[in-house]
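Reading through the structure tokens given below for one structure.
This chain uses plain numbering: 1 for the first residue, then up along the sequence.
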Amino acid sequence: MTISRLPVAAWGLATVAAGALLVGCSGSVSIGNVEPKKSAGASEGSDGGSAAKVSAAQLGDTVAEKLAATTGQPRPDVTCPDDLVGKVGTATRCTLQAGDGSTLGVTVTVTAVDGDKIDYDIKADDTPTPAPN
């Protein structure tokens with residue numbers, strides 16, 4: 001019996017292509033009428049004490065949507081371990097998991113904040129990490 005490896009190879013190539021296409025990709029999230037979360041340990045009136053945040057789950061969803069729209073591929077699984085604080089220059093790392101088990105690191109960096117709107121750039125790593133054997 002012959003087992004086709006094409007789908008696995010296609011996912012691997014799609015992951016590499018996604019990394020190439022995500023270079024310089026940007027996104028924007030509007031928090032809406034949600035009360036901004038306070039930064040940990042910050043008190044009222046301190047710098048950054050009421051910075052808006054994008055939840056880790058919402059950030060992962062938005063990065064996945066941008067990737068799918070950019071590549072024309074099905075929406076990938078993207079997880080972000082931390083919320084993204086709405087402060088210019090703040091960054092977090094997310095992970096894209098391809099269908100073959102390989103992963104691709106993605107860095108999300110805040111570029112602008114305007115009230116409840118957080119703009120950010122998305123940059124994928126150049127090389128995926130192969131799936132474990």
Side-chain angles (χ1 to χ4, degrees):
M1 172 154 106
T2 304
I3 298 173
S4 174
R5 302 287 288 168
L6 183 57
V8 173
W11 267 106
L13 290 174
T15 302
V16 172
L21 290 172
L22 274 178
V23 175
C25 186
S26 62
S28 177
V29 173
S30 182
I31 306 301
N33 294 326
V34 176
E35 186 69 28
K37 297 179 184 176
K38 304 283 184 201
S39 298
S43 61
E44 278 298 327
S46 66
D47 288 343
S50 61
K53 292 183 182 181
V54 178
S55 73
Q58 183 180 9
L59 184 62
D61 287 345
T62 304
V63 170
E65 288 170 11
K66 294 286 182 190
L67 175 59
T70 301
T71 63
Q73 296 291 319
R75 188 175 161 189
D77 179 25
V78 177
T79 56
C80 301
D82 301 310
D83 294 346
L84 182 64
V85 177
K87 181 177 178 186
V88 174
T90 300
T92 190
R93 293 278 294 164
C94 300
T95 303
L96 179 154
Q97 177 128 15
D100 67 353
S102 63
T103 59
L104 187 66
V106 180
T107 301
V108 182
T109 306
V110 175
T111 57
V113 179
D114 182 15
D116 63 358
K117 182 179 176 193
I118 300 173
D119 295 333
Y120 51 85
D121 283 338
I122 303 166
K123 178 166 184 341
D125 293 349
D126 294 329
T127 309
T129 302
N133 291 329

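What you find for A131 and G101 is that their closest heavy atoms are CB-C, 3.5 Å. In this structure, T107 and A91 approach most closely via the heavy-atom pair CG2-CB, 4.3 Å. Residue L67 comes nearest to P76 through the heavy atom pair CD2-CG, 3.1 Å, listed as atom of the first residue, atom of the second, then distance. Across every non-hydrogen atom of T111 and D121, the tightest pair is CG2-OD2, 3.3 Å. Of all the heavy atoms in A56 and D83, the pair that sits closest is N-OD1, 2.8 Å. Of all the heavy atoms in L84 and I118, the pair that sits closest is O-CD1, 4.4 Å.
Remark: T129 OG1 to L104 CG distance equals 8.0 Å, nearest 0.5 Å. Between atom CD of residue Q97 and atom OG1 of residue T79 there is a gap of 8.0 Å, rounded to the nearest 0.5 Å. Note that NZ of K53 is 13.0 Å distant from CG of L59, once rounded to the nearest 0.5 Å.
Counting only residues at least two apart or on different chains, the disulfide bond (SG atoms under 2.5 Å apart) pairs with a member in residues 94-125 are C80-C94.
Residues meeting the side-chain contact (heavy atoms from CB on, under 4.5 Å) test with T127, sequence neighbours left out: none. The side-chain hydrogen bond (donor to acceptor under 3.5 Å, both in side chains) test applied to D61 returns R75, not counting sequence neighbours.
Between R93 and D125, the closest side-chain pair of non-hydrogen atoms falls below 4.5 Å. Counting heavy atoms from C-beta on, the side chains of V106 and V78 never come closer than 4.5 Å.
With hydrogens and angles disregarded, no donor-acceptor distance shorter than 3.5 Å links the side chain of T92 to the backbone of V108.
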